[in-house]
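The residues of the chain are indexed from 1 along the displayed sequence. This is a predicted model, so every value here is computed, not measured.
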Amino acid sequence: MSSITNILVTDDEPATLKTLSAALEDMGYRVTTAANGREALALIKKQPRNVVIADIKLPDISGLEILEAAKELNPETAVIMITGHASIETAVNAINEGAYAYILKPVAMNELDTIIRNALREQRLLIENRELVESLQQSNRRLEEANRALEQVSQAKSDFMAKMSHELRTPLNSIIGFSEVLLSKLSSIDHKTHNEFLNYIHVSARHLLHLINSILDLSKIESGKMTFEPSEFDLAVMLEGVKITVLPMLATKGQTLETEIGEGISSIFADEAKMRQIFLNLISNAHKFTRTRGKIRVICRLETPHLLHCSVIDNGIGISPQDQLRIFEEFGQVKTSPNARGQGAGLGLSIAKRLVELHGGKIWVVSEVGHGSTFTFSIPLAKKGGA
Ligand code: ADP
């Protein structure tokens, strides 16, 4: 320890300075000497010391000034004042100002050694203490951050529950309301209205089922139960299957669907079922938010040999820039869009986003109100996507 202990000794009596520094060096300390106060100040400023031993009565600068400067640069520096009997009062003052101890002239080396040892021990304890406090403060900060994150998660969960209850209640209320009218012996409704009400019940029940299935999907993803299960499959064949599934739905609005697969893509290595789900969600949105006889296109191409980009493009109602910020959130339906309410669960895009993320990919939208939307997702391919 003493080998890294830097001691600065300052005294205007050359003989005292010499004796002191020689004795301290013998004790194993690294000693620097200063013949006057100014020199001592300059040396302290250059390099902080563990211990400063200063004569309290230097001709140019008082020992108290040295004490102040040393403490300012390093509050843990132990300053030991050397004093004659005549200056004991000043030395006591120095202790009050932060000096570690004072020692009377002529200096008894064994006494000085004990003082230095005690000062160094105290210094170590102080440093350890400070490090402990700092690490405690750091742990506290980390704990606070974790707490804040936890609060945010819990708030997000509560928001989700509130929105989910609201979304479930709407179709349920409709089912209850219309079935009550149908069951009421007092109501005298004609056959056409009867069928209309039954249709409302049917649509609401299907919507409810879709909602519950989506929530189950989402909670499966959230809990980590939905795993990434890649396999090699033909993208064109998969897209053809998607087309066959969605064509009856598109036919209800006279919409067309074109698919285009870029060169070099045949079999790819990805999770087929999840990719199918992503396409179904995006195409069913394109269908919902595009007018009758609108055009929907699916384009897939290799951005790089290992990065697949797929876009679902429509010429529908489009999405405003501020709505684009929240549509990927759960229940992020756009209240202002005419087709938004009552048609979807508001979970399609958040599910698609998570499925893309399960692949290690990204999803984004480029859209202009009145001119349509392009939803694109990128997926890194584990194996070369070429033929
Ligand atoms: P929803 O079940 O309502 O379709 P989504 O999460 O799939 O829920 O979509 C969220 C919202 O994003 C929709 O309600 C709609 O306002 C908007 N949106 C999604 N896709 C499109 C699109 N192709 N064109 C216009 N708006 C869209």
Side-chain angles (χ1 to χ4, degrees), residues 150-226 245-246 248-249 252-253 277-278 280-290 316-320 322-355 357 363 365 373 375:
L150 220 66
E151 270 168 29
Q152 273 169 6
V153 169
S154 144
Q155 184 60 44
K157 289 252 177 264
S158 311
D159 290 352
F160 180 82
M161 291 299 281
K163 283 181 192 161
M164 185 178 78
S165 316
H166 173 78
E167 293 298 323
L168 289 174
R169 236 195 331 249
T170 314
L172 252 182
N173 278 337
S174 151
I175 292 170
I176 293 168
F178 286 116
S179 56
E180 272 175 1
V181 176
L182 290 180
L183 287 169
S184 151
K185 302 229 171 8
L186 297 173
S187 75
S188 54
I189 48 173
D190 58 30
H191 184 66
K192 190 171 160 262
T193 316
H194 185 275
N195 276 355
E196 218 172 83
F197 284 9
L198 265 183
N199 192 45
Y200 287 146
I201 294 173
H202 181 74
V203 168
S204 295
R206 289 196 72 86
H207 176 59
L208 204 57
L209 181 65
H210 174 58
L211 197 59
I212 290 167
N213 280 338
S214 299
I215 291 167
L216 286 177
D217 275 352
L218 205 62
S219 75
K220 219 166 148 189
I221 300 171
E222 283 266 290
S223 64
K225 286 201 182 103
M226 197 175 274
T245 310
V246 299
M249 173 179 81
T252 61
K253 285 174 94 175
Q277 179 77 52
I278 298 166
L280 284 174
N281 288 8
L282 296 182
I283 296 172
S284 94
N285 275 349
H287 155 74
K288 271 189 285 181
F289 303 106
T290 301
I317 61 172
I319 308 160
S320 70
Q322 76 261 33
D323 287 337
Q324 286 175 31
L325 298 175
R326 48 183 292 271
I327 52 171
F328 290 101
E329 288 169 17
E330 291 132 16
F331 302 112
Q333 287 176 315
V334 177
K335 302 271 190 294
T336 47
S337 68
N339 293 327
R341 307 296 302 170
Q343 280 209 33
L347 294 172
L349 284 180
S350 66
I351 290 175
K353 180 171 182 268
R354 281 154 201 250
L355 295 180
E357 283 167 357
I363 185 167
V365 65
S373 312
F375 281 86

Minimum side-chain heavy-atom gap T252-H287 below 4.5 Å:
yes
Would you give the length of the straight line joining atom CG of L183 to atom CD1 of I176, rounded to the nearest 0.5 angstrom?
11.5 Å
Spatial distance of atom CG (N281) from atom CD1 (I363) [nearest 0.5 Å]
9.0 Å
Nearest 0.5 Å, please: how far is CD1 in I278 from CD1 in I351?
11.0 Å
State, yes or no, whether a side-chain contact exists between L208 and L168 at a heavy-atom distance under 4.5 Å.
yes
E329: what forms a side chain to side chain contact (heavy atoms under 4.5 Å, CB included) with it, not counting sequence neighbours?
R326
So, T193 versus D190: side-chain donor-acceptor pair below 3.5 Å or not?
yes
I would like to know whether D159 and E330 meet side chain to side chain contact (heavy atoms under 4.5 Å, CB included); could you show each step before the answer?
CA-CA 10 Å; D159 290 352; E330 291 132 16; over 6 Å; no
Contacts of K163 that satisfy salt bridge (charged side-chain N to carboxylate O under 4.0 Å, His left out) - sequence neighbours left out
none
Donor-acceptor contact present, side-chain S174 to main-chain T170, <3.5 Å
no
With rounding to the nearest 0.5 Å, note down the distance linking CD1 in I212 to CG in D217.
12.5 Å
Considering all heavy atoms, the nearest S204-I175 contact
CB-CG1, 3.5 Å
With a 4.5 Å heavy-atom cut-off, do F289 and I319 have their side chains touching?
no
Any donor-acceptor pair under 3.5 Å from S350 side chain to L347 backbone:
yes
Sequence-distant partners of K220, salt bridge (charged side-chain N to carboxylate O under 4.0 Å, His left out), two or more places apart
none
Can you confirm whether L218 sits close enough to R354 that some side-chain heavy atom of one is under 4.5 Å from a side-chain heavy atom of the other?
yes
Look at the rings of F375 and F328 and say which category their plane angle falls in: under 30° parallel, 30 to 60° tilted, over 60° perpendicular.
perpendicular
Keeping S154 on the side-chain end and L150 on the backbone end, is there a donor-acceptor pair under 3.5 Å?
no
For L355 versus Q277, what's the shortest heavy-atom pair and its separation?
CD1-CG, 3.4 Å
So how far is it from K353 NZ to I221 CD1, rounded to the nearest 0.5 Å?
11.0 Å
Give, for atom NE2 of H210 and atom NE2 of H207, the distance between the pair rounded to the nearest 0.5 Å.
7.5 Å
